[in-house]
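Numbers restart at 1 for each chain; the letters A, B, ... are given by sequence-line order, proteins then strands. The figures that follow rest on heavy atoms only: side chains count, while hydrogens, waters and symmetry mates do not. The model shown is predicted, which means the values in this text are computed figures rather than measured ones.
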Amino acid sequence: MTPTLALNYYLYTSTAPPNLSRKRAAEPRANQGAYPPRFPKWVRKAAKPPMKSTTLIEQHSSSLKQALHDHVQSGSMEDALWVFEKMNQSDAYNWNIVIRGFTDNGLFREAIEFYQRMEFEGVGADNYTFPFVIKACGGSLSLAEVRRVHGKLFKVGLVSDVYICNSLCAVYAKLGCIEDAEKVFEEMPVKDLVSWNSMIGGYVAVGDGWSAVVSFQEMLVVGIMPDRFSMIGVLNACAIEGLLQTGKEIHCQVMKCVVESDVMVQTSLIDMYHKCGRLDYAERLFDKISQKNVVVWNAMIHGYALNASPVESFSCLKTMQETDKLRPDAITMINLLPSCTQVGALMEGKSIHGYAIRHGFLPHIVLETALIELYGACSRVKFAERIFGQLAQKNLISWNTMISAYVHNGRNWEALELFQDLVSKPLDPDPITISSILPAYSEVASLGQRKQIHGYISKLEHHSNTFILNSTVYMYAKCGHLGTSQEIFDRMIYRDVSSWNTIIMAYAIHGFGRRSTRLFSEMVEKGIQPNESTFVSLLTACSISGMVDEGWKYYASMKLEYGIDPGIEHYGCMIDLLGRTGNLDQAKTFIDEMPLLPTARIWGSLLTASRNNRNIELAEVAAENILSLEHDNTGCYVLLSNMYAEAGRWEDVKRIKFRMKQKGLEKTIGCSYLETKCKPYRFINHDKSHVESDTIYEVLDVILRKIGEDKYVHSITKFRPLDLMRKKQNSAEHHSVRLAISYGLISTKLRDPVLVRRNTRICEDCHNAAKKVSEMTKREIIVGDSKVFHHFRDGNCSCGDYW
DNA sequence: TTAGGGTTAG
């Protein structure tokens, strides 16, 4: 019989099994795997224990009690039960010790079942029994059991016991039922320090930092002196709400009382300063701690990651190991991984993964989720999938992380499938799930499917959540329905800074920069404080709409008026602006002088600028830098190859193709999508699969004749004959975007715009043709490519011919 | 013999 089975055998039969093991019933939790284990029904339903003679036991009752204590304290629950069966079982004291033993050893289910056996045998539970039982109910996350025990308290007249009420407050809050905790607290005739601490901790547990701070202040008003637990609780509350000033005041109080040198309080202070964005305060405090433990080092590593200082995060790890001779634990790994994710440090992330395996930290759901995020961010979807597939337990965060990994890597169909899978599970999607999946809907789903998800969201508990509405606004903008975005935005009762950032960005990607800047002014007038993302939206608007002077003005005001330091995204927008005006040298100098390490996104901006200004040398520099950061950036290879082709450098085209083949990379097949009457249609170049293909081609031929593009004309004319032949093969005449526009013109209402979406950038020839078609047909044509939406009207494009 | 505790995923 295995130790766990033996333990249950004792629990229900009180008869010794033949091969009694002296081992512990179960090892303490090393990780968050499936624990405690489930037991077979036949063990649970074993017979009621027979009555035994207690004469001998009574003679040795004192030594038996000592033995019971010893076994419980050492976690040997099997032995404790063996002793218990020899004791006086009408004495609640003995039952309490066993229940406490189970609870302290994480065997919550067993604790509850043992209490039920106590009830069954008619032994009256007392004021000591219930705190242990309530704690066990909390441990097993059993709200129904807590309520049952709570009801019992009324019957036995213990509903006012301060210890029991404190336990109830803590457990209700832990299970997310803060109103129940508040009710118990309010009805307590006597409240002590622990009661207040339980409520402060309870508010923190449900993420309500403000109420926790108010509770703390009320506690001081009624004359109760805070202890270390109060300080830790209220500092957590300040961290949640970003209340730096209150946090500093608490720090002053800490300095005045005995808890000043308490390392736990100091860790909470450090964490609070990090979460309030004050690395400097956190560092100063950290340096003063003479005896640093792993937890305080972990808090520091986490703080650096939180404040976008990944290098410092890794330096911390080094010093912790070399100077303090401390061994990193699973939490160290969890705190380090976001730093790897931030800078795309795949090798370092893999080392951490290896370390975690070697040191037995896995399975660990938080650590594994952090690994999924890392691999997702580093485009290693297969690794992420493998970890996700092997998770012993999946929680909502792990599902959300895997969905985000798919979306981040453009694997939108897989993301949708996974989301559907999640919906069929008992887990309820939360605002993070919805905001993660909506970009996939905006990329690949049909309008019908998007309306379906919108309907699904409106039935969710969080349907009016600002976070979800912001994502919905962006989803409609990203799939070309800017009007719907504006309608949802207008109907929002509460708009936060992200709502404004979203709508500014929505107009930005559609090339309506003026509208974006007007919205920014409106936002400021309404007293909304812009943040870093506001300026990303605003600078994107200026960049896409070619508003160069305004761009520089906002870039300057960001720091001067709002005290916001430019981040990598802002620098990217400025390089786009410089590229637009043809200042390639300035753009390169800008990159060289940037205080941040250039990322692939930065080099990507330079590459776009080089392409649009036909500077192959600089494009090569940019591309090499991108490929040194992202070896499998297919788009980068393709763009460079197209530039060589346009310049007639066919040897270089061959060289790029060879490199791509060597790396197993394939060019993304360019597709154009059109939706009419909620039916999606997909076109590839020279596509003839559509049932109305003949009509589409006939209409296209007529249009091309009318706009003077019926003969092969290319933007670059200096080709050798052989090159011209190669070019002819790639003629834009029947490119997918033209086929989609042609079908759009004949299948939609006359006054409606034709909306086409592409998975890759629209080529220059089709861009020119679309301008002419809009002029000739007097129809608005909208083409959303992989970067921006082009609104073609009266022969002009909203992008100002730069994209 | 009872209650509350620092760092951990988007």
Side-chain angles (χ1 to χ4, degrees), chain A residues 32 65 68-69 72-73 91-101 103-104 126-135 138 158 161-171 173-174 192-202 204-205 227-233 235-236 239 259 262-272 274-275 293-303 305-306 329-338 341 361 364-374 376-377 395-405 407-408 430-436 467:
Chain A
Q32 297 187 5
K65 269 191 180 162
L68 186 66
H69 271 281
V72 160
Q73 207 148 29
D91 186 352
Y93 179 97
N94 298 335
W95 289 86
N96 293 346
I97 298 301
V98 176
I99 297 171
R100 190 197 75 182
T103 307
D104 286 351
D126 61 15
N127 55 321
Y128 286 95
T129 317
F130 289 105
F132 301 134
V133 176
I134 293 166
K135 194 174 176 183
L158 284 170
D161 182 278
V162 70
Y163 275 81
I164 295 173
C165 288
N166 288 346
S167 308
L168 273 175
C169 282
V171 166
K174 181 182 176 181
D192 65 4
L193 173 63
V194 179
S195 319
W196 286 97
N197 285 353
S198 301
M199 281 317 291
I200 295 168
V204 168
D227 67 355
R228 59 207 287 259
F229 299 117
S230 331
M231 296 300 191
I232 290 166
L235 286 170
N236 268 330
V259 296
D262 185 311
V263 72
M264 284 191 192
V265 176
Q266 286 171 316
T267 308
S268 297
L269 274 166
I270 287 172
D271 182 56
M272 181 273 295
H274 278 142
K275 287 178 178 158
N293 61 17
V294 180
V295 180
V296 75
W297 277 105
N298 286 351
M300 212 55 203
I301 290 170
H302 175 239
L306 208 63
D329 62 10
I331 309 273
T332 318
M333 306 291 111
I334 292 165
N335 289 334
L336 276 169
L337 283 169
T341 305
F361 296 154
H364 187 305
I365 191 158
V366 180
L367 182 47
E368 287 164 305
T369 305
L371 284 166
I372 292 171
E373 194 180 1
L374 166 88
N395 61 20
L396 191 58
I397 301 174
S398 49
W399 280 88
N400 291 350
T401 309
M402 192 62 227
I403 289 173
S404 294
V407 174
H408 177 77
D430 68 357
I432 305 280
T433 322
I434 302 302
S435 65
S436 305
F467 196 52

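Proximity note for A/His302 (side chain, C-beta onward) versus B/dA3, B/dG4, B/dA9: the nearest is B/dA9. Considering only side-chain atoms of A/Lys135, the nucleotide from B/dG6, B/dA3, B/dA9 that sits closest is B/dA3. Of the candidates B/dG4, B/dG6, B/dT7, B/dG6 carries the atom nearest the A/Met264 side chain, counting heavy atoms from C-beta on. Comparing B/dT8, B/dA3, B/dT2 by their closest approach to the side chain of A/Ile334 singles out B/dT8. Nearest to the side-chain atoms of A/Val263 among the listed nucleotides B/dT8, B/dG6, B/dT1 stands B/dG6. Candidate nucleotides B/dT1, B/dG6, B/dT7 were compared by shortest atom distance to the side chain of A/His69, and B/dT1 ranks first. Nearest nucleotide to the side chain of A/Phe132, out of B/dT7, B/dT2, B/dG6: B/dT2.
Residue-level contact check: A/Ala170 touches the backbone only, with heavy atoms under 4.0 Å from sugar-phosphate atoms and none from bases. Counting any heavy atom pair closer than 4.0 Å across all strands shown, A/Lys275 reaches sugar-phosphate atoms only and no base atom. Within the 4.0 angstrom heavy-atom criterion, base atoms lie near A/Asn127. Within 4.0 Å (heavy atoms only), A/Asn96 reaches at least one base atom of the nucleic acid. Among the heavy atoms of the strands, none lies under 4.0 Å from A/Ser404. Using a 4.0 Å heavy-atom criterion, one finds that A/Ile232 contacts the sugar-phosphate atoms exclusively. Residue contacts shown for A/Ser167 are limited to sugar-phosphate atoms, with no base heavy atom under 4.0 Å away.
Using a 3.5 Å distance cut-off with no hydrogens or angles, the side chains of A/Ser436 and A/Ser404 do pair a donor with an acceptor.
Atoms CG (A/Asp104) and P (B/dA3) sit 7 Å apart, rounded to a whole Å.
Contact check, A/Arg100 against B/dT2: a side-chain N or O comes under 4.0 Å of OP1 or OP2. Taking 4.0 angstrom as the limit, A/Asn293 places none of its side-chain polar atoms (N or O) nearer than this to OP1 or OP2 of B/dT7.
Side-chain atoms of A/Asp271 do not come within 3.5 Å of backbone N or O of A/Ala299 as any donor-acceptor pair.
With contacts defined as side-chain heavy-atom distances shorter than 4.5 Å, the pair A/Phe467/A/Ile432 qualifies.
Rounding to the nearest 0.5 angstrom, the gap separating the NE2 atom in A/His364 from the CG atom in A/Asp329 is 8.5 Å. Atom OH of A/Tyr163 sits about 14.0 Å away from atom CD1 of A/Ile134, to the nearest 0.5 Å.
The base of B/dA9 lies close enough to the side chain of A/Asn395 for a donor and an acceptor atom to sit less than 3.5 Å apart.
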